[in-house]
Amino acid sequence: MPEITPKSALEIVTVAALSDNYDFLVHDPVSGRTALVDAADPAPILDALSERGWTLDEIWLTHHHWDHIDGAAGVFEATGATLTGAKADQHRLPPLTRVIEPGQSFDFAGHEVQILGADGHTVGHIAYYIPDAKALFSADSLMALGCGRLFEGTPEQMWGTLSRFAALPGDTMVYSGHEYTASNARFARTVEPDNTALQNRAKAIEEARAKGEATVPSALSLELATNPFLRAGLTPVKQALGMAEASDVAVFTEIRARKDRF
């Protein structure tokens, strides 16, 4: 029997950029291959690579907003890394090496990377899910204690996206694109003021931010227990909003509208 080499655990590094963006380096220590999820600013990305002695092989883009792609050209020029992005967004992304669509997958250093549709914040937004690493790179769709503002998509699309993510294993870590968690927590408590798990999380977030610590990534199980956008289909949330008989999408729409005004 041929010897089977076990998969190595991926190392994921959070790279802070601009005022509140997060990009992520995904590194396989056996092959030495490294991928980058989104590229806000080349400088901190290249610094993080240099500090670790890593060579960048791939860039995975989630959507076309400037604060997620403006660094791609500089990183590409410095590294020659291949560029991956969504077919639906191709016309407004940097020139792509690999074009992908939701439902497809590709291999990264022996790890399957699944492409999940994440319409809502924009149309054509995608997320990258690596099952054996228990990692979801959701950018501006599902966020820590929140979800992205609906610039292009509909509430139905975003609720579909969030429902898709909610079905993933609870120990999945959610790597989202911004440090908005403290503000999101303040809003979430207006929706569910009696949610003990949310109260505890809000306190932990305050302590972390006071020490300058990131609140991303977060466990999906924690999001399911505290994130009002994921919880729009639950009876206690509907009752708290005076919408006990409303559809899940209608409740999500109301929560999103309240957040937009918050």
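- At a threshold of 4.5 Å between non-hydrogen side-chain atoms, the residues H64 and T122 count as touching.
- To the nearest 0.5 Å, the span separating CD on E112 from OG on S105 amounts to 4.5 Å.
- Neither side chain, N184 nor T181, offers a donor N or O lying under 3.5 Å from an acceptor on the other.
- Nearest approach of P169 to Y129, heavy atoms of both residues: CD-OH, 3.5 Å.
- Taking CD from Q90 and CD from E101, the interatomic distance works out to 10.0 Å, rounded to the nearest 0.5 Å.
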*asked:* Between K238 and E192, is the salt bridge (charged side-chain N to carboxylate O under 4.0 Å, His left out) condition met? List the steps.
replied: CA-CA 10 Å; K238 292 184 177 185; E192 286 193 278; over 6 Å; no
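- At least one side-chain heavy atom of L150 sits less than 4.5 Å from a side-chain heavy atom of P155.
- Salt-bridge check for R149 with D140: failed, with every basic side-chain N at 4.0 Å or more from each acidic carboxylate O.
- In this structure, CG on D248 lies 10.0 Å from CE on M243, to the nearest 0.5 angstrom.
- By the neighbour-count criterion of 12 heavy atoms within 6.0 Å, atom CZ of F108 is densely surrounded, having more than that number from other residues, nucleotides or ligands.
- Of the inter-residue distances, the one linking L49 atom CG with L36 atom CG reads 7.5 Å to the nearest 0.5 angstrom.
- Both F262 and L241 are members of a single hydrophobic cluster when ILVMFWY side chains are connected at heavy-atom separations under 4.5 Å.
- Considering every non-hydrogen atom in both L142 and G146, the closest pair reads CD1-O, 3.8 Å.
- Contact check for H27 versus V13: no side-chain heavy atoms found under the 4.5 Å cut-off.
- Salt-bridge formation is detected for the pair E254/R258: a Lys NZ or Arg NE/NH1/NH2 atom is positioned less than 4.0 Å from an Asp or Glu carboxylate oxygen.
- Side chains of T84 and I59 form no contact here, defined as non-hydrogen atoms less than 4.5 Å apart.
- The cationic group of R98 lies under 6.0 Å from the six-membered ring centre of F106 and within 45° of the ring axis, placing it in a cation-pi geometry.
- Here CG of L198 is found 14.0 Å from NZ of K203. Values are rounded to the nearest 0.5 Å.
- Using a 4.5 Å cut-off between side-chain heavy atoms of Ile, Leu, Val, Met, Phe, Trp and Tyr, with links allowed through other members, Y128 and V99 fall into different hydrophobic clusters.
- By the rule that hydrophobic residues join a cluster once side-chain heavy atoms approach within less than 4.5 Å of another member, I45 and V26 end up as members of separate clusters.
- At distances below 3.5 Å, not a single donor-acceptor pair connects side-chain atoms of T172 with backbone N or O atoms of L168.
- A pairwise comparison of heavy atoms in A232 and V237 identifies CA-CG1, 4.4 Å as the closest pair.
- You'll find the side chain of L25 reaches within 4.5 Å of the side chain of L56, heavy atoms only.
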_Y180 vs L145, test: side-chain contact (heavy atoms from CB on, under 4.5 Å). Steps then yes/no._
CA-CA 8 Å; Y180 292 164; L145 267 179; over 6 Å; no
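- Residues L116 and I126 have side chains not in contact (no heavy-atom distance under 4.5 Å, counting atoms from C-beta outward).
- Annotation: H68 is not in aromatic contact with H125 [ring centroid separation under 6.0 Å not met].
- A 4.5 Å side-chain heavy-atom check between S138 and Y175 finds every atom pair outside the cut-off.
- For M143 against A139, the heavy-atom pair with the smallest separation is CG-O, 3.8 Å.
- Donor-acceptor pairing under 3.5 Å is recorded for the side chains of H65 and H121.
- Here the closest heavy-atom approach between residue P94 and residue L61 is recorded as CD-CD1, 3.8 Å.
- At distances below 3.5 Å, not a single donor-acceptor pair connects side-chain atoms of D119 with backbone N or O atoms of G153.
- With hydrophobic clusters built from ILVMFWY side chains whose heavy atoms lie under 4.5 angstrom apart, I69 does not share a cluster with L18.
- Under the side chain to side chain donor-acceptor pair (under 3.5 Å) criterion, Y22 pairs with E179, not counting sequence neighbours.
- Taking the six-membered ring for Trp and thresholds of 30 and 60 degrees, F137 and F24 have ring planes inclined between 30 and 60 degrees apart.
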_Trace of the side-chain contact (heavy atoms from CB on, under 4.5 Å) decision for T82 with D57_ = CA-CA 6 Å; T82 63; D57 302 284; over 6 Å; no
*Show the numbers, then the answer: is there a side-chain contact (heavy atoms from CB on, under 4.5 Å) between T161 and Q157?*
CA-CA 6 Å; T161 291; Q157 287 176 314; 5.6 Å; no
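- Note on L93 and F76: separate hydrophobic clusters, where clusters join Ile, Leu, Val, Met, Phe, Trp and Tyr whose side-chain heavy atoms are under 4.5 Å apart, directly or indirectly.
- In this structure, R189 CZ and N195 CG are separated by 10.0 Å, a value rounded to the nearest 0.5 Å.
- Within a 6.0 Å radius of CD in E77, other residues, nucleotides and ligands contribute 12 heavy atoms or fewer.
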*Would you check, one step at a time, whether the test side-chain contact (heavy atoms from CB on, under 4.5 Å) holds for V37 with T62?*
CA-CA 8 Å; V37 183; T62 60; 4.1 Å; yes
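- Under the 4.5 Å side-chain criterion, counting only non-hydrogen atoms from C-beta, T34 is not in contact with D28.
- Between L136 and A127, the shortest heavy-atom contact is CD1-CB, 4.0 Å.
- W60 and E58 share a donor-acceptor pair across their side chains, judged by distance under 3.5 Å alone.
- Formation of a donor-acceptor pair under 3.5 Å by the S176 side chain with backbone atoms of H178 is not found in this model.
- Under the 30°/60° scheme for interplanar angles, the aromatic rings of W159 and F252 are found to be tilted.
- Every pair passing salt bridge (Lys or Arg N to Asp or Glu O under 4.0 Å) that includes a residue from residues 214-226 is listed here, sequence neighbours excluded: R201-E223.
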